[in-house]
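Numbers here simply count residues along the sequence, with the first being 1. Hydrogens, waters and symmetry mates play no part in the numbers below; they use all other heavy atoms, side chains included. It should be emphasised that the depicted structure is a prediction, and the values quoted were computed from it without experimental measurement. Each ligand, and each atom within it, is numbered from 1 in the order the structure gives.
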Amino acid sequence: MRLVVIGADAAGATAASQVKRAHEDWDVIMFERGRWTSYAACGFPYFVGGLVSSMDALVARSPQAHEKRGLDVRMRTEVTEIDTKNRRVRFAELDSGKNGTEAYDILVYATGADELRPPIEGLEHCRFLQNPGQAAALHGDIAKARRVVIAGGGYVGIEMAEAAHMLGKEIVLIDAADQLMVSLDPDMAGYVREAIEARGIEVRTASAMTQVSSRPGGGFAVETAAGTIETDLVIAGLGTRPRAGLAADSKIPLGDSGAVAVDHEMRTRTDGVFAAGDCAEAWHLVKKQWVNVPLGTVANKGGRVAGINAAGGRARLPGIVGTAITKFFEWEISRTGLNQREAEELGMEVETAVITAKTTSGYLPGAAPIHVKLLAEAGGRRLVGAQIVGGTGAGKRIDTLATAITAGMTADELIDLDLSYAPPLSPVWDPVQIAARRL
Ligand SMILES: Cc1cc2nc3c(=O)[nH]c(=O)nc-3n(C[C@H](O)[C@H](O)[C@H](O)COP(=O)(O)OP(=O)(O)OC[C@H]3O[C@@H](n4cnc5c(N)ncnc54)[C@H](O)[C@@H]3O)c2cc1C
């Protein structure tokens with residue numbers, strides 16, 4: 001049997017390794033158009049910010065390490081066509097210019113996502129952070145810049161604001177929306193904004209970037225809906241879009257989200273083809289919809305399930321609830337389930353509660369503030385969403401709430417959970433339970 005995998009990062013390499021572990025005698029060929037395998041894109045901001053010494057340090061398994069485990073790794077080789085009828089892929093070697101084809105019995109499509117590039121004049125002047133090459137380029141460019149504009153106040157924008165601040169840059173963070181972090185409700189995003197401004201970073205919301213032009217003497221002018229900003233460097237983190245074009249061209253059906261449609265076993269609607277990761281959909285347990293959530297957590301789990309099933313085993317990815325976390329210096333920011341806007345879009349009536357407490361017993365030094373917001377269905381009080389912004393120890397509390405939402409628990413059941421307590425780690429009522437009581 002021969003397995004071909006397109007893409008050698010979180011989803012693809014996980015699937016390939018899973019299959020090789022199950023069937024040492026199978027041919028497993030992994031195509032990767034880049035120069036790295038199994039790299040942590042999540043670590044790019046910390047490499048750019050100087051906390052991680054090299055790109056190589058972000059690599060969990062190099063091409064050579066994959067080869068040692070028996071995988072046939074084709075680096076700098078792009079799959080350009082998939083013939084699903086005859087089960088063949090066509091590929092191009094990017095350095096030698098040679099083309100070829102390879103047959104497969106089973107294919108795993110794990111091509112990831114591209115950065116969003118809206119039609120903004122001069123966007124080519126911006127630096128992005130979606131792949132290792134871009135991270136390496138930005139690492140070089142940021143060293144030369146004094147003033148940095150970051151366009152996009154989502155996860156990448158916030159992490160890059162922290163990185164640029166650690167490097168001593170003057171920073172303007174802009175966003176088209178009326179708030180930062182649109183995955184949070186405006187009240188919770190307000191705490192994030194306060195934390196960022198407290199570090200001397202200028203935040204401009206309702207400031208869509210409309211044009212970037214280079215200045216003759218060096219530097220750039222960023223035109224926004226609310227004025228012009230002069231800068232040495234523009235970093236754009238405007239979102240992503242599933243890299244599903246090759247699948248669509250090969251008649252592998254896409255879902256409504258624009259990502260490759262899969263079932264709970266990560267099978268596409270094309271025989272012998274699995275898909276996983278940023279290029280594929282996942283079932284949202286609260287929305288009850290197939291969605292595209294481009295996160296490493298989802299990609300690794302999807303890759304594992306695709307690999308087990310491709311190897312002839314049985315595994316399912318029941319679904320996700322959209323749990324995500326980041327940090328800005330001492331502030332931890334996390335969310336899960338639905339926010340108020342998403343609930344409204346689904347026509348779901350929700351009740352909400354927001355509390356402010358401490359991460360530890362208040363009498364101890366180091367007790368930090370924590371803000372918790374809970375959303376529950378009106379009436380039955382089934383939990384459907386949560387957001388946390390707080391100091392050290394706050395953010396990972398979202399995992400309790402993700403678990404509660406996945407289990408279909410109500411706010412009343414959360415109050416009764418036997419959660420842990422010791423003064424240096426928590427108040428006797430954990431803040432998530434204080435929020436449940438308020439609700
Ligand atoms: C800056 C940044 C920070 C992030 N932080 C977090 C975080 O904190 N937490 C979190 O959960 N997620 C985070 N993510 C998201 C996470 O990195 C991705 O969800 C994850 O990498 C997706 O894995 P993947 O295998 O689906 O796709 P990718 O990692 O994009 O890998 C796909 C691979 O396929 C290759 N490829 C594409 N097309 C072809 C082709 N035709 N032929 C051959 N090769 C091809 C690409 O070169 C690429 O290497 C972050 C992402 C970025 C960019």
Side-chain angles (χ1 to χ4, degrees), residues 4-16 29-49 52 58-60 63 73-82 89-94 102 107-116 127-135 138-139 150 152 154-160 162-163 235-247 249-250 259-260 266 275-282 292-304 306-307 320 322-327 332-334 395:
V4 163
V5 177
I6 312 175
D9 193 28
T14 302
I29 305 175
M30 189 159 68
F31 287 100
E32 171 52 55
R33 69 181 185 188
R35 297 180 191 281
W36 285 270
T37 56
S38 302
Y39 50 88
C42 315
F44 291 165
Y46 308 102
F47 164 62
V48 175
V52 177
L58 296 178
V59 174
V73 188
R74 313 280 180 87
M75 296 304 294
R76 298 281 298 144
T77 307
E78 179 167 0
V79 173
T80 53
E81 271 177 59
I82 308 167
V89 294
R90 173 169 290 280
F91 62 84
E93 290 178 7
L94 299 178
E102 201 67 74
L107 182 77
V108 175
Y109 185 92
T111 53
D114 282 312
E115 65 277 8
L116 259 191
R127 291 283 168 261
F128 293 86
L129 196 61
Q130 183 64 19
N131 61 50
Q134 292 171 343
L138 181 54
H139 184 263
I150 300 171
Y155 293 89
V156 172
I158 303 279
E159 289 169 14
M160 279 314 303
E162 185 190 59
I235 303 170
L238 305 172
T240 64
R241 109 192 130 92
R243 212 177 264 138
L246 173 62
D249 292 347
S250 314
V260 179
M266 309 315 288
D278 285 4
C279 62
E281 293 193 327
N292 176 241
V293 173
L295 284 176
T297 47
V298 182
N300 276 281
K301 291 185 188 93
R304 173 183 169 271
I320 60 164
T323 311
I325 188 165
T326 188
K327 73 176 262 298
E332 301 178 354
I333 305 150
S334 55

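- Taking distance alone, with nitrogen or oxygen atoms compared against 3.5 Å, Ile6 stays at or beyond that limit from ligand 1.
- Considering only non-hydrogen protein atoms, atom 34 (O) of ligand 1 sits nearest to Gly7 CA, 3.1 Å.
- The protein non-hydrogen atom at the shortest distance from atom 53 (C) of ligand 1 is Leu129 O, 3.2 Å.
- Heavy-atom contacts of Gly112 reach the following atoms of ligand 1: 26 (O), 27 (O), 28 (P), 30 (O), 32 (C) (cutoff under 4.0 Å).
- Atom CD in Gln130 sits 7.0 Å away from atom CZ in Arg243 (nearest 0.5 Å).
- Checked by distance only, ligand 1 and Ala11 come closer than 3.5 Å through their nitrogen or oxygen atoms.
- From Ile158, atom CD1 reaches atom NZ of Lys327 across 12.0 Å, with rounding to the nearest 0.5 Å.
- Counting protein heavy atoms only, atom 21 (O) of ligand 1 is closest to Asp9 OD2, 3.4 Å.
- Using modelled atom types, one side-chain atom of Asn292 and one backbone atom of Ala280 make a donor-acceptor pair closer than 3.5 Å.
- Residue contacts with ligand 1, taken as heavy atom pairs separated by less than 4.0 Å, do not involve Thr326 at all.
- Of all atoms in ligand 1, numbered sequentially from 1 with element shown, those under 4.0 Å from a heavy atom of Pro294 are 15 (C), 19 (O).
- Close approach of ligand 1 to Ala10 is summarised as follows: ligand atoms under 4.0 Å from at least one heavy atom of the residue are 23 (O), 25 (O).
- Summarising the geometry, atom CG belonging to Asp9 is positioned 11.5 Å from atom OG1 belonging to Thr111; distances are rounded to the nearest 0.5 Å.
- Within ligand 1, counting atoms from 1 as listed, the ones closer than 4.0 Å to a heavy atom of Gly277 are 26 (O).
- Inclusion of Ala276 in the set of residues having an N or O under 3.5 Å from an N or O of ligand 1 is not warranted.
- Looking at Asp278 next to ligand 1, an N or O pair under 3.5 Å apart turns up.
- By the 4.0 Å heavy-atom criterion, Asn131 is excluded from the residues contacting ligand 1.
- Residue, atom and distance of the protein heavy atom nearest to atom 8 (O) of ligand 1 are Cys42 CB, 3.8 Å.
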| Steps toward side chain to side chain donor-acceptor pair (under 3.5 Å) verdict (Thr326, Glu159) | CA-CA 8 Å; Thr326 188; Glu159 289 169 14; 2.6 Å; yes
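- In Arg304, the CZ atom is not crowded: 12 or fewer heavy atoms of neighbouring residues, nucleotides or ligands sit closer than 6.0 Å.
- Residue-ligand proximity, Ala299 to ligand 1, at heavy-atom distances under 4.0 Å covers atoms 22 (C), 23 (O), 26 (O).
- In the displayed structure, Arg76 atom CZ is contacted under 6.0 Å by more than 12 heavy atoms of other residues, nucleotides or ligands.
- Regarding atom 10 (C) of ligand 1, its nearest protein heavy-atom neighbour is Gly296 N, 3.3 Å.
- Side-chain atoms of Thr77 come within 3.5 Å of backbone N or O of Met75 as a donor-acceptor pair.
- Among protein heavy atoms, the minimum distance from atom 51 (C) of ligand 1 is reached at Ala41 CB, 4.0 Å.
- The backbone N or O of Ile325 sits nowhere less than 3.5 Å from a side-chain atom of Ser334 that would complete a donor-acceptor pair.
- Taking 4.0 Å as the cut-off, Tyr155 does not count as a neighbour of ligand 1 on heavy-atom distance.
- When the heavy-atom distances from atom 42 (N) of ligand 1 to Thr111, Val48, Val79, Leu94 are ranked, the shortest goes to Val79.
- For the atom pair Phe91 CZ and Ile6 CD1, the distance stands at 12.0 Å (nearest 0.5 Å).
- Residue Arg33 holds the heavy atom nearest to atom 39 (C) of ligand 1 of all those in Met160, Met30, Arg33.
- Of all the heavy atoms of Ala110, the ones lying under 4.0 Å from any atom of ligand 1 belong exclusively to the backbone.
- Atom 48 (C) of ligand 1 has Tyr39 OH, 3.3 Å as its closest protein atom, hydrogens excluded (heavy atom only).
- Within the 3.5 Å criterion, the main-chain N or O of Ala247 finds a donor-acceptor partner in the side chain of Tyr109.
- Not one N or O of Leu246 is nearer than 3.5 Å to an N or O of ligand 1, by distance alone.
- For Glu32 (side chain) and Ala8 (main-chain N/O), a donor-acceptor pair under 3.5 Å exists by modelled atom type.
- The distance from atom CG of Leu138 to atom CG of Leu129, rounded to the nearest 0.5 Å, is 6.0 Å.
- Counting only non-hydrogen atoms, the option in Gln130, Glu32, Arg76, Arg35 that gets closest to atom 33 (C) of ligand 1 is Glu32.
- When each of Leu94, Thr80, Val79, Asn131 is paired with Arg33, the side chain to side chain contact (heavy atoms under 4.5 Å, CB included) condition holds for Leu94 and for no other.
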